[in-house]
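Input: a single structure, listed below in structure tokens.
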Amino acid sequence: MTAAVVLFTSDLRLHDHPPLHAALKAADEVVPLFVLDPGIHAAGFDAPNRRAFLADCLSDLDASLRRRGGRLVVRAGPVVREVCAVAAECGATEVHMAAGVTAYAHRREERLRDGLDAGGVALRVHEAVVTALAPGAVTPSGSDHFAVFTPYFRRWSEESLRKPLPAPRTVRVPDRVRGEPLPDRADVKGISPGLPDGGESVGRDRFSRWSRSGLARYEDRHDDLAGDATSRLSPYLHFGALSPVELVHRARERGGPGADAFVRQVCWRDFHHQVLAARPEASSADYRTRRDQWRGEDDAAEDIAAWRDGCTGYPIVDAAMRQLRHEGWMHNRARLLVASFLTKTLYVDWRIGARHFLDLLVDGDIVNNQLNWQWVAGTGTDTRPHRVLNPLVQAKRFDPDGAYVRRWVPELTDVEDNRVHEPWRLPAGQRDGLGYPAPLIDLADGLARFKHARGRD
Ligand code: FAD
């Protein structure tokens, strides 16, 4: 009887899972393994919202494996130690896992390879599991990665993606391998009240429903803040409960401008992955320095607190920041404008904003979060790095009747449409009775400071 181990990381699904598929082909018995790694905790990446969502994903994975005659083995401890121990317990000759792109994932892979090698066990790393196309699969001439999205998208679109794999029918797990109890969402404190349920089953169901009801209109409606018309699949993609390869195939099968626009967004995710794979230091250092002397916690503490709490006096910014706290998620247009407000209008270091997002976002990941923050801050891959989003212009364009603001800022529920984005224009008596703060900063002052900082005044 031969055995193999499949180490699940950011790929918590059974459908379209190349490592599992390969392990089942290579061995009679397979141990589907997830390790609760204290390294993730030490690095501060296990925020409550993501811990709760992870617990859902693991329960769902376990239930799906049980329906196929298997189970998920969960172990707690340093990942190398646990994987080596499980491989020894079941007599595995191979361990399969998905390739990662972060510095943490690379270190983990190297250490695993060394640890397993010592025991004569081979590590097999599979590409295009976490992303649709492997980072580095397409490169421009003379560089190891694309630094601009549009040419990347063009090349990416020309590549044929691998065919999605079906979920296995049966998985035989050896009895002799012991596991720990699965983590439970109910044990996680401090989660956002509106946090969605995690897991492959919920994610697949959401995609199926949304692809019938929302995909066709995605192109026209994806920026409508109140319409909430995007897929909300990001947390399922983040945990790998859904396969990006499968989503792209299924969207393309449906076809049309909505599907094209959706596939383009999924490509943004691959784009950031290939940037970070080539430049792992961009998770904390400027990808392209603009020699900013950012304001930080010492000189902008009150501004930062107002931004985090959704009390800046700019209703569209505050609505978005309150949505983040309540749901652990925020609409992309809202992410763009609150990030621009913090980094450009308030001229605060992008890392402070990125940290706050990572503390709350259920889809928060080093790749997409840090590189999108850098994109907005103008230290990343945006070809117009000094542009500043005016929150009033954005509000009037993407929330024209104020429905998004009213949903999240109850102080403004009764304010008429033409003042809901600018409550400071209300007569003093009415304004003072709202209990809503005055604007933290004059937009013109913020713009002047930023232009000066970037030497563009
Ligand atoms: P849809 O509009 O339905 O798009 C489909 C999928 O495409 C998304 O689920 C996502 O996986 C991908 N996608 C869409 N836009 C982007 C983008 N700009 N960059 C990368 N992938 C994208 N996304 C994360 O997954 N994790 C993060 O930590 C994260 N942090 C962000 C921080 C900032 C400052 C900004 C501006 C954007 C960030 N994004 C992040 C990207 C984007 O906002 C979210 O992916 C999107 O809002 C998720 O909603 P959705 O699933 O409904 O997206």
Side-chain angles (χ1 to χ4, degrees), residues 6-21 23-24 30-36 48-74 97-98 129-132 163-173 179-188 191-215 228 230-251 253-254 262 266 269 327-329 361-365:
V6 176
L7 176 63
F8 285 85
T9 54
S10 304
D11 49 355
L12 305 178
R13 61 177 185 265
L14 292 188
H15 291 82
D16 192 38
H17 198 285
L20 180 60
H21 192 81
L24 287 166
V30 166
V31 181
L33 172 67
F34 185 85
V35 180
L36 294 164
N49 284 340
R50 289 195 298 283
R51 245 185 15 242
F53 199 91
L54 170 68
D56 290 351
C57 289
L58 296 178
S59 302
D60 186 62
L61 193 57
D62 182 54
S64 301
L65 283 162
R66 284 180 191 276
R67 281 198 296 278
R68 291 163 170 86
R71 69 195 155 102
L72 179 68
V73 173
V74 171
M97 71 181 295
V129 180
V130 169
T131 50
K163 270 179 78 176
L165 297 162
R169 283 174 197 273
T170 52
V171 181
R172 268 174 65 176
V173 181
E180 309 261 349
L182 294 175
D184 186 343
R185 168 195 273 242
D187 297 332
V188 184
I191 64 178
S192 294
L195 192 73
D197 292 337
E200 181 181 18
S201 310
V202 183
R204 292 184 75 76
D205 189 47
R206 173 174 270 283
F207 179 66
S208 294
R209 276 186 290 115
W210 184 78
S211 63
R212 285 192 299 270
S213 62
L215 184 62
D228 203 1
T230 65
S231 70
R232 286 192 180 238
L233 292 175
S234 51
Y236 304 92
L237 281 160
H238 169 70
F239 285 94
L242 290 175
S243 147
V245 169
E246 188 183 349
L247 291 194
V248 171
H249 274 285
R250 287 178 63 184
E253 277 161 19
R254 287 204 162 254
F262 175 75
V266 177
R269 192 173 168 274
E327 295 191 345
W329 184 87
L361 277 178
V362 61
D363 62 25
D365 61 53

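For the single chain, residues carry numbers from 1 onward in sequence order.
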In the structure I gave you, are the side-chain heavy atoms of [X] and [Y] within less than 4.5 Å of one another anywhere?
X: D363; Y: L237; answer: no
X: F34; Y: L12; answer: yes
X: L58; Y: F8; answer: no
X: P32; Y: L61; answer: no
X: L247; Y: L233; answer: yes

Which pair of heavy atoms, one from [X] and one from [Y], lies closest together, and at what distance?
X: R232; Y: P235; answer: O-CD, 3.8 Å
X: V130; Y: A98; answer: CG2-CB, 4.2 Å
X: G328; Y: S192; answer: N-OG, 3.6 Å
X: P244; Y: R269; answer: CG-NH1, 3.8 Å

Please list, chain by chain and in numerical order, all residues satisfying side-chain contact (heavy atoms from CB on, under 4.5 Å) with V188, sequence neighbours excluded.
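V188 satisfies side-chain contact (heavy atoms from CB on, under 4.5 Å) with P48, R51, A52, I191 once adjacent residues are dropped.
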Are the charged groups of R185 and D197 less than 4.0 angstrom apart, N to O?
yes
Can you tell whether the side chains of E246 and R13 come within less than 4.0 Å, N to carboxylate O?
no
Output yes when a side-chain donor or acceptor of [X] lies under 3.5 Å from a complementary backbone atom of [Y], and no otherwise.
X: R254; Y: R250; value: no
X: R206; Y: S231; value: yes
X: D11; Y: H17; value: no
X: R169; Y: R68; value: no
X: H238; Y: V362; value: no

With a 6.0 Å cut-off on ring centres, are F53 and W329 close enough?
no
Measure the CG-CG distance between D184 and D56 for me, rounded to the nearest 0.5 Å.
8.5 Å
